[in-house]
Amino acid sequence: EGIVEYDPTGRWLHTWHAERGTSAGDSVAGNEPWLSVNNIYTSSSDVVSEAFDEYASSDLPVFLSEARYEDNGGDGPFIRQQAYQSLLSGAIAGHLMGNDPMWYFGSNWQNFLDSEGARSMPHIKSLFTTRQWWLLAPDTGGSFLTGGINSGADRAVASLASDDSSGLVYTPAVRTLTVNLARLAGPQVTARWYDPANGSYSTIAGSPFSTAGSQ
């Protein structure tokens, strides 16, 4: 309230860090007039469900404020998993990663500045900012990604652009995925793999595909 008093033009965005398993919107701050950005604070297994819930119920943009930290039970692939699960499940406003020795400046914290999780972050930015990321809506009904979804921390996720021009699918592990290409505008779809560890693209065998059905 003090910040708002001295910022009458509303230059600054305000959010609230609540308990794990909750959001800013369903916390004690949920009805505060200064709350301008919603967030989720998750465990390692409920990123998708929490993001789905807030996307469906909140009028505010949502981001992942905190989940499992790297080097505290989470490694580079785990950090990427949380990032893509949140961004493609409705927390499109952003994602924050944490690294355990760094947040409290623990012993030798400088050695963790170049962690695998940290090196993954620029590739996430590159992927999303080279397309109209603000058009993406999560495939909550499973009509685009229809097979190989799984559950919990192992869940694959997908988002579609609101104009059906493109879609993104993420899987945390190698497995067969089924994608309903009829959800895209077409008449053909160029399909590529994106490696979240190094930011490289490769063509999927058989691409381009017809939008007549599933692949």
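Source: prediction; values computed, not measured.
- Note: Glu66 CD to Ser43 OG = 11.5 Å, rounded to the nearest 0.5 Å.
- Below 30°, between 30° and 60°, or above 60°: for Tyr84 and Tyr170 the angle between ring planes is below 30°, a parallel geometry.
- Using a 4.5 Å heavy-atom cutoff, the side chains of Leu184 and Leu160 are in contact.
- Using a 4.5 Å cut-off on side-chain heavy atoms (C-beta onward), Trp133 and Leu168 make no contact.
- At a threshold of 4.5 Å between side-chain heavy atoms, the hydrophobic network of Ile, Leu, Val, Met, Phe, Trp and Tyr places Val169 and Trp193 in one connected group.
- No donor-acceptor distance shorter than 3.5 angstrom exists from the side chain of Glu54 to the backbone of Ser23, with no hydrogens or angles considered.
- Summarising the geometry of Trp109 relative to Pro101, their closest heavy-atom pair is CB-O, 3.6 Å, with the distance given to 0.1 Å.
- The two residues Gln82 and Ala67 make their nearest non-hydrogen contact at OE1-CB, 3.4 Å.
- Contact annotation: the side chain of Asn39 never approaches that of His17 to less than 4.5 Å [non-hydrogen atoms, C-beta and beyond].
- For the side-chain contact (heavy atoms from CB on, under 4.5 Å) with Ser159, the qualifying choice from Asp139, Leu136, Thr140, Leu145 is Leu136, the only one to do so.
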Are Tyr201 and Leu127 close enough, and set up right, to give a side chain to side chain contact (heavy atoms under 4.5 Å, CB included), and what steps lead you there? CA-CA 10 Å; Tyr201 288 94; Leu127 176 67; 3.5 Å; yes

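- Following chains of ILVMFWY side-chain contacts shorter than 4.5 Å, one cannot reach Ile149 starting from Phe52, and the two form parts of different hydrophobic clusters.
- Here the closest non-hydrogen pair linking His95 and Ile79 is NE2-O, 4.3 Å.
- Going from atom OG of Ser86 over to atom CZ of Phe63 covers 11.0 Å, rounded to the nearest 0.5 Å.
- Panel note: side chain Asp75, backbone Phe78; a donor-acceptor pair is recorded below 3.5 Å.
- Remark: the backbone N or O of Gly74 is not paired with any side-chain donor or acceptor of Arg68 at under 3.5 angstrom.
- The two residues Ala24 and Thr15 make their nearest non-hydrogen contact at CB-OG1, 3.9 Å.
- In this structure, Gln85 contributes its side chain and Arg155 its backbone to a donor-acceptor pair below 3.5 Å.
- Atoms OG1 and CZ, on Thr211 and Arg183 in that order, are 12.5 Å from each other to the nearest 0.5 Å.
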Run the side chain to side chain contact (heavy atoms under 4.5 Å, CB included) test on Trp134 and Ile92 for me, step by step, so that the C-alpha distance in whole Å, both residues' side-chain angles and the decisive distance to 0.1 Å come before the verdict. CA-CA 7 Å; Trp134 54 90; Ile92 193 62; over 6 Å; no

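- Across all their heavy atoms, Ser115 and Glu70 have their closest contact at OG-OE1, 2.7 Å.
- Remark: Asn31 CG is loosely packed, at most 12 non-hydrogen atoms of other residues, nucleotides or ligands lying under 6.0 Å away.
- Within 6.0 Å of CD1 on Ile3 lie no more than 12 heavy atoms contributed by other residues, nucleotides or ligands.
- No donor-acceptor pair closer than 3.5 Å links the side chain of Asp7 to the backbone N or O of Val4.
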CA sep, side-chain torsions, deciding dist, call: Val37, Leu60, side chain to side chain contact (heavy atoms under 4.5 Å, CB included): CA-CA 6 Å; Val37 184; Leu60 300 175; 5.9 Å; no

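- In the hydrophobic clustering of this structure, Leu88 does not group with Leu177; members are Ile, Leu, Val, Met, Phe, Trp, Tyr whose side-chain heavy atoms approach within less than 4.5 Å, directly or through other members.
- Under the 4.5 Å side-chain heavy-atom criterion for Ile, Leu, Val, Met, Phe, Trp and Tyr, Trp16 and Leu13 are members of distinct hydrophobic clusters.
- With Asn99 contributing its side chain and Tyr69 its backbone, the two residues share no donor-acceptor pair below 3.5 Å.
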Do Asp164 and Phe144 pass the side chain to side chain contact (heavy atoms under 4.5 Å, CB included) test, and can you show the C-alpha distance, the side-chain angles, and the key distance before you say yes or no? CA-CA 11 Å; Asp164 299 330; Phe144 179 50; over 6 Å; no

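- A continuous path of hydrophobic side-chain contacts links Leu35 to Val28 [ILVMFWY only; heavy atoms under 4.5 Å].
- Between Tyr55 and Pro138, the shortest heavy-atom contact is CZ-CD, 3.4 Å.
- With rounding to the nearest 0.5 angstrom, the CG atom of Asp26 is 10.0 Å from the CD atom of Glu19.
- Other residues, nucleotides and ligands contribute at most 12 non-hydrogen atoms within 6.0 Å of the CD atom of Glu1.
- Of the possible donor and acceptor atoms, none in the side chain of Ser126 sits under 3.5 Å from a partner among the backbone N and O of Pro122.
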Run the side chain to side chain donor-acceptor pair (under 3.5 Å) test on Asn180 and Thr146 for me, step by step, so that the C-alpha distance in whole Å, both residues' side-chain angles and the decisive distance to 0.1 Å come before the verdict. CA-CA 7 Å; Asn180 176 18; Thr146 60; over 6 Å; no

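- Applying the 4.5 Å side-chain rule to ILVMFWY residues, one finds Val62, Leu64 in the same cluster as Ile40.
- Side-chain atoms of Ser89 do not come within 3.5 Å of backbone N or O of Val48 as any donor-acceptor pair.
- Checked by atom type and distance alone, the side chain of Asp195 never pairs as donor or acceptor with a backbone atom of Ser200 at under 3.5 Å.
- For the atom pair CE (Met121) and CZ (Arg80), the distance works out to 8.0 Å, reported to the nearest 0.5 Å.
- Side-chain atoms of Ser49 come within 3.5 Å of backbone N or O of Asp46 as a donor-acceptor pair.
- Here Thr22 contributes atom OG1 and Asp53 contributes atom CG; the two are 12.0 Å apart, rounded to the nearest 0.5 Å.
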